[in-house]
Amino acid sequence: MTKRVRFAPSPTGYLHIGSARTALFNYLYARNQGGKFLLRIEDTDLARSTEESTRSILDGLAWLGFAPDEEIVYQSNNADKHRAIALKLLEEGKAYRDFTPKEDRGDKDVKAAIVERAREQKNMRDNQFRDLSREESDAKAAAGEPFAIRLKVGETGKTAFEDAVYGLQERDYSEIEDLVLLRSDGHPLYNLAVVCDDIEMEITDVIRGQDHLTNTHKQILIYEALEKTPPRFAHLPLILAPGGKKLSKRIHGEIVSMTTYRDAGFLAAAFRNFLALLGWSAGEEREIYSLDELVEKFSLEGIHRSNAIFNFDSNNSRRWTDDKAMWMNAEYIRTMPLEEILPFVKAELKPAKLWRDEYEDEDKEWFEKTVDLIRERFFTLKDFSTQGRAYFSEDFDFDQAAIDKNLKKFPDLQAWLPELAERFAPVEDFTHDRIEEIVKQFAEEKGAKLGQIMNGSRALLTGLAVGPSMLAVFETLGKEKSIRRLKSRVAWNQ
RNA sequence: GGUCGGUUCGUCUAGGGGUCCAGGACACCGCCCUUUCACGGCGGCGACACGGGUUCAAAUCCCGUACCGACUACCA
């Protein structure tokens, strides 16, 4: 049978890192099994769901490259079906009308209220409307009394299922409340909606966050009431914030949003790779995997049971996100095939107004060589338009520290560097070896250390204290630009 | 409170009775390379939560404790 899995986010915020990994694992599993990867937007909570969130989630998914194999299902569109199913269960006596007025929690903390309630509640079956006769129930309903529909959970027994990650899970009925299927306002609730949709979409394997592990028992009860075979479940460990706390959109903000990484110049391939290794391992000492390799290696057996921490430090701009994610992105940037990174560089340069169409035409060779030269020490795509700016534009900034350390500290350079420019002027073959000859001889003549000349030149030519070999920089920038920049007074006056 | 789950270097992890005085990666620190910064190479720091069992042998199995987490909603 063809495997069918789904990623089912609720649109109450952007696509965050935990959801993204859930999507990734679903995607990998589907591809590995030759199955289908589906997408369902769980927008049953009208109050919290927003179109903007849906768009953001879709954007994030698109960036990661996970296109669903079938049309996107919007859960709210199925509300009528869910209602009908709840009514059918009511008809069959497997559910009942609960006329208890909806609890008004007011401003109370939801979490605290639940705990308080749980502490008091002894018997999950003590609802006075549970065994109301059909006539009485119908009469009250007909009289217009509002009611919720609850599933009638058995007096004794237990639910059990074999989780692909966590193993055998059992739960006694006495631990499970008669769950609400339909709210008194007629809206279906999550557990009902999920089960109905998963059945309708013919989902064979449900791969989702561990926070749903205990919900699963309730859902199994619904499957049983509906006389359907539940899918196979695989629950994923959670991704936590530093300190082992829950990663929250409210507290941690943009740091957990997928679009943040896209906008920060991450490569989707690198981020996917990083995500894959958070809670899963192929059981080998390897870190870098292409998508195809992940698909090939992926298995539910390789998923861990313990939560992982996503590291970042919001007080440290250098460490704004997980070190390993950043390292992996840098690794991809410097090692991926040159022709593959070129489109990304173009996309980065264009909005920064650093792009010229010649880079794909007569200057293609120069462009490729330059990208290859500078990518070596870049971490994100953003670096091409910031640190790499001097290679693509005459309008670049000078780093004050670079000027102080490599220029002003050696006043002689003020005269020397323009002099070096004069030495360059008559040179025909402005290439690495020839440049080296000239600079070395020049330094010798002046009794200066080679590094002094090189670093001073770097400050003038690139505005930075760090970068590729100066010989390569001279050659890449070319004779004209090198001369012009060596003679420029801008940095000296800064 | 109850139920369920988890616990290997700071972090991601390998390992599932002997091959482990625990391996890799990131981070950090040295050294080498070097005109700078990276890369790369070499090395260092650094962990089986705790306590009991079982066993000739336990990071690996069992029990308890601690800690962390999830769930316990007419949220999803």
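We name chains A, B, ... by the order of the sequence lines, and we start the count at 1 in each one. Note: hydrogens, waters and symmetry copies are ignored here, and every other heavy atom, side chains too, is used.
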Exercise. Do A:Arg97 side-chain atoms and A:Phe129 backbone N/O form a donor-acceptor pair below 3.5 Å?
Worked result: no
Exercise. Would you say the base of B:A76 and the side-chain of A:Asn215 have a donor-acceptor pair closer than 3.5 Å?
Worked result: yes
Exercise. Between B:A22 and B:U34, how far is it from one P atom to the other, in whole Å?
Worked result: 36 Å
For this session: Please state the C1' separation for the pair B:U13 and B:C20 - nearest whole angstrom.
Result: 16 Å
Exercise. Between A:Arg423 and A:Glu445, is the closest basic N to carboxylate O distance under 4.0 Å?
Worked result: yes
For this session: Report yes if a donor N or O on one partner sits less than 3.5 Å from an acceptor N or O on the other, where the partners are the side chain of A:Ser469 and the base of B:U35; otherwise report no.
Result: yes
Exercise. How would you label the contact of A:Pro101 with the nucleic acid (heavy atoms, under 4.0 Å): base, sugar-phosphate, or nothing?
Worked result: base
Exercise. Given that both distances must come in under 3.5 Å, which nucleotide forms a Watson-Crick or G-U wobble pair with B:A70?
Worked result: B:U3
Exercise. Can you find a side chain N or O atom of A:Arg150 that sits less than 4.0 Å from OP1 or OP2 on B:C74?
Worked result: yes
Problem set entry | Check: B:C4 base within 3.5 Å donor-acceptor of A:Thr214 side chain | no
Problem set entry | For B:G64, the Watson-Crick or wobble counterpart (both distances under 3.5 Å) | B:C50
For this session: Please check the phosphate of B:U36 (OP1 and OP2 only) for any side-chain N or O of A:Lys405 closer than 4.0 Å.
Result: no
Problem set entry | Rounded C1' spacing from B:G23 to B:G64 in Å | 31 Å
For this session: Would you mind telling me which of B:U11, B:G2, B:C12 lies closest to the side-chain atoms of A:Arg171?
Result: B:G2
Problem set entry | A:Arg305 CZ to B:G16 P, straight-line distance once rounded to whole Å | 14 Å
Exercise. Are the side chain of A:Trp280 and the backbone of A:Ser299 linked by a donor-acceptor contact shorter than 3.5 Å?
Worked result: yes
Exercise. Within less than 4.0 Å of OP1 or OP2 of B:A76, is there a side-chain N or O belonging to A:Lys218?
Worked result: no
Exercise. Can you check whether A:Phe233 and A:His217 have ring centres sitting under 6.0 Å from each other?
Worked result: no
Exercise. Is the shortest side-chain N/O distance from A:Arg319 to OP1 or OP2 of B:U11 below 4.0 Å?
Worked result: no
For this session: Between B:A76, B:C74, B:C12, spot the one nearest the side chain of A:Lys102, thanks.
Result: B:C74
Exercise. Do side-chain atoms of A:Asp399 reach the backbone of A:Ala402 as a donor and acceptor pair under 3.5 angstrom?
Worked result: yes
For this session: Pick the C1' atom in B:C21 and in B:U3, then give their distance to the nearest Å.
Result: 41 Å
Exercise. Measuring from A:Glu175:CD to A:Thr214:OG1, what's the distance to the nearest 0.5 Å?
Worked result: 11.0 Å
Problem set entry | Rounded interatomic separation in angstrom, taking CG from A:Leu464 and C1' from B:A38 | 13 Å
Exercise. CG of A:Leu181 versus P of B:A73: gap in Å, rounded?
Worked result: 15 Å
For this session: For A:Glu42, answer base if it contacts any base atom (sugar-phosphate contacts may also be present), sugar-phosphate if it contacts only those atoms, and nothing otherwise; contact means non-hydrogen atoms under 4.0 Å.
Result: sugar-phosphate
Problem set entry | Spacing of the P atoms in B:U7 and B:C12 (rounded, Å) | 12 Å
Problem set entry | Phosphate-side-chain proximity, A:His304 and B:U7, N/O vs OP1/OP2 below 4.0 Å | no
Problem set entry | Derivation of the side-chain hydrogen bond (donor to acceptor under 3.5 Å, both in side chains) call for A:Asp178 and A:Asn127 | CA-CA 9 Å; A:Asp178 286 343; A:Asn127 191 305; 6.0 Å; no
Exercise. Counting only side-chain N and O atoms of A:Arg117, is one of them less than 4.0 Å from OP1 or OP2 of B:A73?
Worked result: yes
Seminar exercise, completed: Taken to the nearest whole Å, CE/A:Met328 to P/B:A25 is 12 Å
Problem set entry | Pair of N/O donor and acceptor under 3.5 Å linking B:C37 base with A:Arg377 side chain | yes
Exercise. Between B:C68 atom P and A:Leu238 atom CG, what is the distance in whole Å?
Worked result: 16 Å
For this session: Provide the distance between the two C1' atoms, one in B:U8 and one in B:A14, to the nearest whole Å.
Result: 10 Å
Problem set entry | A:Arg318 CZ to B:C37 C1', straight-line distance once rounded to whole Å | 13 Å
Exercise. Taking OP1 and OP2 of B:G69, is either one under 4.0 Å from a side-chain nitrogen or oxygen of A:Lys245?
Worked result: yes
Exercise. Separation of A:Asn307 atom CG from B:U8 atom P, in whole Å?
Worked result: 11 Å
For this session: Could you check how far OH of A:Tyr173 sits from P of B:U72, rounded to whole Å?
Result: 19 Å
